[in-house]
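This report concerns only the one structure given below.
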Amino acid sequence: MVSEYEKTRLANIKRNQELLVSLGIDSPLLEPKEKPRKKNPVVKKRKLPESTLNDGESLPPTKAQRGEVSDSAPASSVRRSTRNAGKLVDYKKEIIKDSPIPVAYSSGVKTSENTGPMGREDGPRKYDPKTYGSIPGIEVGTWWETRQGCSADSIHAPWVGGISGGKQGAYSVALSGGYDDDVDLGYAFTYTGSGGRDLKGTKAAPKNLRTAPQSSDQTFENTFNKMLLRSCELKKPVRVIRGFKSRSKYAPAEGYRYDGLYRVEKAWLGKGNNPKGYMVCKFAFKRLPGQPPLLVRDEDEPGKLESIDYEETDNKIDKEDSPPKEGNPE
DNA sequence: GGGCCCGCAGGG
DNA sequence: CCCTGCGGGCCC
């Protein structure tokens, strides 16, 4: 028998998908023009800048990721984290040299010479991440090994948090598959807000976590959810990165990739995918037109990337303005 | 692989 | 100075 959790998950996925369709986000106009089968895939070849990610030569062995730990092996040659769980290609050896993926110039590792507030490896950040829209010099499709790198290049500032923003809405979000009822169609996706997790524990049993399972309802009072709501109202562009933990075929197998600008088309409250059905804030995003095509993993050859070009739609979605409905799946 | 715990960036 | 958070390294 199917678990309750699974039932909710499937119901939510169905609902989220229907929502995207109802918003016109999954319209036929968003179907691939033509599958770029094998022949001459339209990918940008781009050579990695010399200075980048080469066996950590730019990373002083004295200062590794955490304090004084690990001078035994440079982080770039030994990989232990689950980040590589689904990895089918060695990015460093196979892909980077001849890659469709622009690899960021910052490896995002702080050094002793770089203790400044902006955190870039070779100096302060060039641009303020607290801006709406694109960051000069960072192309769509740029890839980093860690969130730290995204932060250093101003694409998505927080090292952990999924949402970054200010008074006029979110600057950026990270898709990392933290909520498995979210739907990712590439050019559109649903996203779940923040909050409702028990990060601190109780006085008796204190915790100090960065993420945790859902244990209460989310609300739009939450700072981050409020930001995304604001984005929806003001239609500001939001930078989107996809991470390896997302199970979507539009997500990179490893690391994090900047996939360009999206807009929040709708915000609503719905039942979450958690066992107890705690409410979560949901958001529907749509990619802005006029950007480079997304990369997608080939389902037959999962290690391989193709870029898919889509027809662009006008954003007809501005059929004013059905207020967010209470979510009630089922 | 799971659990733990931590630094860090940002907003208020 | 308080809080949060879709990381990530490390130890088991």
Side-chain angles (χ1 to χ4, degrees), chain A residues 63-76 78-86 107-110 114-120 124-125 128-131 144-182 184 189-201 205-216 218-219 221-228 230 238 240-248 251-252 254-257 272-274 280-283 285:
Chain A
K63 193 77 173 183
Q65 302 283 21
R66 304 184 53 184
E68 292 109 76
V69 209
S70 135
D71 43 11
S72 49
S76 54
V78 181
R79 308 163 140 274
R80 298 186 202 87
S81 84
T82 54
R83 173 156 80 254
N84 302 311
S107 64
V109 177
K110 272 195 173 181
N114 166 32
T115 50
M118 293 308 237
R120 242 189 97 111
R125 278 178 181 143
D128 191 344
K130 288 179 268 185
T131 56
W144 298 265
E145 183 175 3
T146 66
R147 287 279 297 269
Q148 199 177 348
C150 306
S151 180
D153 283 329
S154 310
I155 286 293
H156 184 66
W159 288 21
V160 176
I163 303 164
S164 170
K167 283 252 181 287
Q168 300 196 79
Y171 311 121
S172 54
V173 298
L175 277 70
S176 282
Y179 297 84
D180 51 12
D181 59 345
D182 276 328
D184 188 0
F189 59 86
T190 63
Y191 192 80
T192 303
S194 300
R197 308 190 192 209
D198 178 22
L199 303 174
K200 305 177 64 169
K207 294 188 249 180
N208 181 17
L209 302 173
R210 302 296 176 270
T211 63
Q214 202 77 29
S215 58
S216 59
Q218 293 183 357
T219 76
E221 292 311 296
N222 174 286
T223 315
F224 302 107
N225 300 338
K226 212 184 280 178
M227 290 170 185
L228 284 178
R230 195 79 182 122
V238 180
V240 169
I241 62 171
R242 283 189 171 82
F244 68 99
K245 286 181 194 165
S246 166
R247 289 163 297 282
S248 153
E254 181 188 7
Y256 298 86
R257 191 183 57 221
N273 68 327
N274 48 77
V280 291
C281 298
K282 301 294 275 188
F283 305 89
F285 282 70

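A, B, ... follow the sequence lines: proteins, then strands. Residue 1 opens every chain. Below, all heavy atoms of this structure are taken into account, side chains as well, without hydrogens, waters or symmetry copies. For clarity, every value in this text was computed on a predicted model and none was experimentally measured.
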Is there any protein nitrogen or oxygen under 3.5 Å from a nitrogen or oxygen in nucleotides 3-7 of chain C, and what are the pairs?
from, atom 1, to, atom 2, distance (Å)
C:dG5, OP1, A:Gly195, N, 2.9
C:dG5, O6, A:Arg210, NE, 3.2
C:dC6, OP1, A:Gly162, N, 3.0
C:dC6, O2, A:Ser176, N, 2.4
C:dC6, O2, A:Ser176, O, 3.2
C:dC6, O2, A:Gly177, N, 2.9
C:dC6, O2, A:Gly178, N, 3.1
C:dC6, N4, A:Thr192, O, 3.3
C:dG7, OP1, A:Arg147, NH1, 2.7
C:dG7, OP1, A:Ser176, OG, 2.6
C:dG7, OP2, A:Lys245, NZ, 2.8
C:dG7, O5', A:Arg147, NH1, 2.9
C:dG7, O5', A:Val160, O, 3.3
C:dG7, O4', A:Trp159, O, 3.1

List, one per line, each side-chain donor-acceptor pair under 3.5 Å for residues 168-182 of chain A, sequence neighbours excluded.
from, atom 1, to, atom 2, distance (Å)
A:Ser172, OG, A:Ile155, O, 3.4
A:Ser172, OG, A:His156, ND1, 2.6
A:Tyr179, OH, A:Gly193, O, 3.3
A:Tyr179, OH, A:Arg197, NE, 3.2
A:Tyr179, OH, A:Arg197, NH2, 2.6
A:Tyr179, OH, A:Gln218, NE2, 3.4
A:Asp180, OD1, A:Tyr5, OH, 3.1
A:Asp180, OD1, A:Asn273, ND2, 2.2
A:Asp180, OD2, A:Tyr5, OH, 2.9
A:Asp181, OD1, A:Lys282, NZ, 3.4
A:Asp181, OD2, A:Asn12, ND2, 2.8
A:Asp182, OD1, A:Thr190, OG1, 3.2
A:Asp182, OD1, A:Thr192, OG1, 3.1
A:Asp182, OD1, A:Lys282, NZ, 2.7
A:Asp182, OD2, A:Thr192, N, 3.4
A:Asp182, OD2, A:Thr192, OG1, 3.0

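Residue contacts shown for A:Thr223 are limited to sugar-phosphate atoms, with no base heavy atom under 4.0 Å away. Across all strands, A:Gly165 comes closer than 4.0 Å only to sugar-phosphate atoms, never to a base (heavy-atom distances).
In this structure, the separation between CD1 on A:Ile241 and OG on A:Ser246 is 11.5 Å, given to the nearest 0.5 Å. Taking CZ from A:Arg147 and CH2 from A:Trp159, the interatomic distance works out to 11.0 Å, rounded to the nearest 0.5 Å.
For the pair A:Trp144 CH2 and B:dA9 P, the interatomic distance rounds to 17 Å; values are reported in whole Å. In this structure, the NE2 atom of A:His156 is 11 Å from the P atom of C:dG8, given to the nearest Å. For A:Ile155 and B:dA9, the CD1 to P distance is 17 Å, given to the nearest whole Å. Atom NZ of A:Lys167 is separated from atom P of B:dG11 by 10 Å (rounded to the nearest Å). In this structure, A:Asp198 places its CG atom 13 Å from P of B:dC4, rounding to the nearest Å.
Contact detail for A:Pro129 and A:Arg125: the closest heavy-atom pair is CG-NH1, 3.5 Å. Nearest heavy atoms, A:Tyr256 versus A:Cys150: CB-SG, 3.7 Å.
Within the 4.5 Å cutoff, no side-chain heavy atoms of A:Asn222 are placed close to those of A:Cys281.
Here, C:dC6 and B:dG12 have their C1' atoms 22 Å apart, quoted to the whole Å.
OP1 or OP2 of B:dG11 lies within a sub-4.0 Å distance of a side-chain N or O belonging to A:Lys130.
Under a 4.0 Å N-O distance rule, the pair A:Asp198/A:Lys207 qualifies as a salt bridge. For the pair A:Asp184 and A:Arg242, the salt-bridge criterion is met [side-chain N within less than 4.0 Å of a carboxylate O].
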Fill in: Pairing pattern in dot-bracket form [Watson-Crick, G-U; both distances under 3.5 Å; | = partner strand] for DNA chain C
|||||.||||||

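Side-chain rings of A:Phe189 and A:Phe285 approach one another, their centers coming within less than 6.0 Å.
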